[in-house]
2 protein chains.
Amino acid sequence: MKKRILISDIAKALGVSVTTVSFILNDKAKEKRISESLTKRVLDYVKKVGYKPNELAKSLRTGKTKIIGLIIEDISNPFFGNIARLIETKVYEQGYRIIYCSTNNDSEKTKELIGMFNDRQVDGFIITPSEGIEETISNLIQSNVPVVLFDRYLPEVETDYVIADNFQGAFDATVHFNEQGYKRIGLVSLYSDQTQMRDRLGGYMKAMDQFKKQAYIKKIQLDASEAEAIDELHEFVVDNRLDAVLFATNYLAITGLKSGKKHNYKLPALIAFDDHTVFKLHEPAITVVSQPIEEIANHIINILLLKLQGKAKAIKHLTLPCELKVRESSILKR
Amino acid sequence: MKKRILISDIAKALGVSVTTVSFILNDKAKEKRISESLTKRVLDYVKKVGYKPNELAKSLRTGKTKIIGLIIEDISNPFFGNIARLIETKVYEQGYRIIYCSTNNDSEKTKELIGMFNDRQVDGFIITPSEGIEETISNLIQSNVPVVLFDRYLPEVETDYVIADNFQGAFDATVHFNEQGYKRIGLVSLYSDQTQMRDRLGGYMKAMDQFKKQAYIKKIQLDASEAEAIDELHEFVVDNRLDAVLFATNYLAITGLKSGKKHNYKLPALIAFDDHTVFKLHEPAITVVSQPIEEIANHIINILLLKLQGKAKAIKHLTLPCELKVRESSILKR
DNA sequence: TATTTAAGCTAAAAGGATTTATTAAGCAAA
DNA sequence: TTTGCTTAATAAATCCTTTTAGCTTAAATA
């Protein structure tokens, strides 16, 4: 177990000062007028002995950790997992690392996480905010920490966010159902006032209102067990004799599919929010309102990097269009 | 933007020394014989002003960061995503945080990641090792950093690991095929010498040898595109007139399903390694060799925490049994 | 009375970098 | 000779804790 080599060791070995070595290593040789010969000598030696600075000491001094806090609803949900993966790859190229935690939409946990990440002095935050953390986020922003929200936003907090056009997505899906000739079109959502849920509901309602059709809306408790949800969905579809259902999240749609399997009833036409392997492979394949995952990730990173470099000008609210991927599940067979 | 409050501010405000405050905050009041009245006075004040120590300074001094490096093949694969989620939840309770990166099985990236996490002085590592990183891991272990491998291990490196019993799992699956009366049983795996792949192949071979049956083995390139893989699988199944196929990973099996859909041929009986929502919902439901994800996560954490506390006695090699979850896809209908 | 012992607290070092302010030497101009 | 300006480098301060080693004071023991 050999001892770590320090910048002072380098300085001593070469008979120069620590300052000089530090300047050279931080690309300030030119600016600080260190001679080229010495610069080369130091760099060669550093390479030879494989010196790597202590990042903690560096961070303590500079206040920068090169770490980004990713606070996400649930890393095991493919939608979030995929975004996490894209984000991670992108920031990696810029020398940043990700420290993450899942919130499970628990606002207490979210607050705690933000606090802890902040104590760890992450350089910036990427957050899927749960409800009731407006103040926490505001404090963050007031203390000048770069924050980008995604998937949903907090109307009362002025901050950058990147979301999908949930309203239009739900609207389009509902219109599609109507065009296909479905009569009794339901929506399955969650007991949640988060903006993405509110907008999906809104898009559905707007379309239904336009068609002068009765709305059928079923909300599931956030903390309901899957078994409970399965039964509730069965009841919802059968009792209302629905011939088409729009699901506000991928896992709700999956629960719907399981419900059909368990209670062995014929599923109505289906559209799910967020694509998922299950939907592509299902027989019939499930139509989805697909969010532009890669674009979302790209925009999040771009905004955050600008903010980290202090180059961000105005606050950005980005709403990216969804794509309705029509598959068999929403086509009426006559 | 108010200034951060420091431990020296507390000391000054109360007219005591920084040392005293530090002792009290680190639960050493008793040990260091600080009077109870002073202890209380300090704690009350700290609470009142909401002082939180600078974790970077703390880490610099103590050498502990309370961060664990999770280096995982692919966070967007539900198998890994789920394990990540479980690990994260467990270590969170112990005050640790996770910093992670996906390797995509790229050994160069893995080496780089280990190096960077090490520079950041993570307290311990959880790694799904890719091939060719034996030396990197050895160095880590020699410098006394706690490391736990999972999903696969490195035969040449003496370190703790937690894996599923891949050999037995594949063996059981193959036996099950045979019992069901399938004649031409194939295996789809990867061009990879990682232990989990080797063992799954081994289990399949042992069973096939016992039954004196010809083996049909198709390996896919790690870097093959999904489209290529889909076509290759089609060819493999049809050309060999296979009536049963065991897939060595969940995504290979999914590719297999897609292959059936694309080329519109009747799929043989199927068994997949690792469960996945797709398999539960598929029509017919897919039989799987399911890994005990929760147990795996628990054991990883337990071992790591013991090592972090310096209480680990011997090196642990844990091999946990898989469960064959028989569903419709592997039942021969007569 | 002189010396230990214990209680209660603290000054200063250490951890390892970055950054500010300063110096020393050499040369040109006044 | 003095002043001023470059160039090339450095000493020391700083970031904020924890921890080592030690200092008072008072009571207990020899």
* dT18(D) OP1/OP2 closer than 4.0 Å to side-chain N/O of Ser22(B) -> yes

* Asked: Roughly how many Å is it from CG in Leu56(B) to C1' in dT14(D), rounded to a whole number?
  -> 15 Å

* Asked: Which nucleotide, dT18(D), dT20(C), dA17(C), lies nearest any side-chain atom of Asn26(B)?
  -> dT18(D)

* Asked: Can you find a donor-acceptor N/O pair under 3.5 angstrom joining the side chain of Thr19(A) to the base of dA11(D)?
  -> yes

* Asked: In terms of the angle between their ring planes, are Phe150(A) and Phe80(A) parallel, tilted or perpendicular, with boundaries placed at 30° and 60°?
  -> perpendicular

* Base, sugar-phosphate, or nothing: which does Thr20(A) touch, judged by heavy atoms less than 4.0 Å apart? -> base

* Asked: Under 4.0 Å between a side-chain N or O of Lys28(A) and OP1 or OP2 of dT19(C)?
  -> yes

* Asked: For Arg85(B) and Glu88(B), what are the C-alpha separation, side-chain angles and deciding distance, and is it a salt bridge (charged side-chain N to carboxylate O under 4.0 Å, His left out)?
  -> CA-CA 5 Å; Arg85(B) 160 92 176 268; Glu88(B) 174 211 315; 5.9 Å; no

* Structure fact -> note: Lys30(A), atom NZ; dA9(D), atom C1'; distance rounded to Å ~ 17 Å

* **Candidate pair Lys111(B) and Glu108(B), rule salt bridge (charged side-chain N to carboxylate O under 4.0 Å, His left out), full reasoning** => CA-CA 5 Å; Lys111(B) 283 184 206 166; Glu108(B) 281 316 304; 3.3 Å; yes

* **Side chain of Leu38(A) - closest among dA9(D), dT18(C), dG15(C)** => dA9(D)

* **Of the listed nucleotides dA17(C), dT18(D), dT18(C), the one nearest the side chain of Val18(A)** => dT18(C)

* Structure fact -> note: Lys58(A), atom NZ; dT18(C), atom C1'; distance rounded to Å ~ 9 Å

* Between atom CD1 in Ile34(A) and atom C1' in dT19(C), what is the gap in whole Å? -> 13 Å

* To do: Output the single nucleotide from dT19(C), dG16(C), dG15(C) whose closest atom is nearest the side chain of Ala57(B).
  => dG15(C)

* Closest-nucleotide 5' rank along DNA chain C - winner of Glu36(B) and Phe23(A) -> Glu36(B)

* Check if the side chain of Arg61(A) and the base of dT14(D) share a donor-acceptor pair of N or O atoms closer than 3.5 Å. => yes

* Interatomic distance where CG belongs to Leu14(B) and P belongs to dC9(C) [whole Å] -> 12 Å

* Structure fact -> Asp27(B) atom CG is separated from dT19(D) atom C1', nearest whole Å, by 16 Å

* Between dA11(D), dT10(C), dC9(C), spot the one nearest the side chain of Val16(B), thanks. => dT10(C)

* Taking only N and O in the side chain of Tyr51(A), is any of them less than 4.0 Å away from OP1 or OP2 of dA17(C)? -> yes

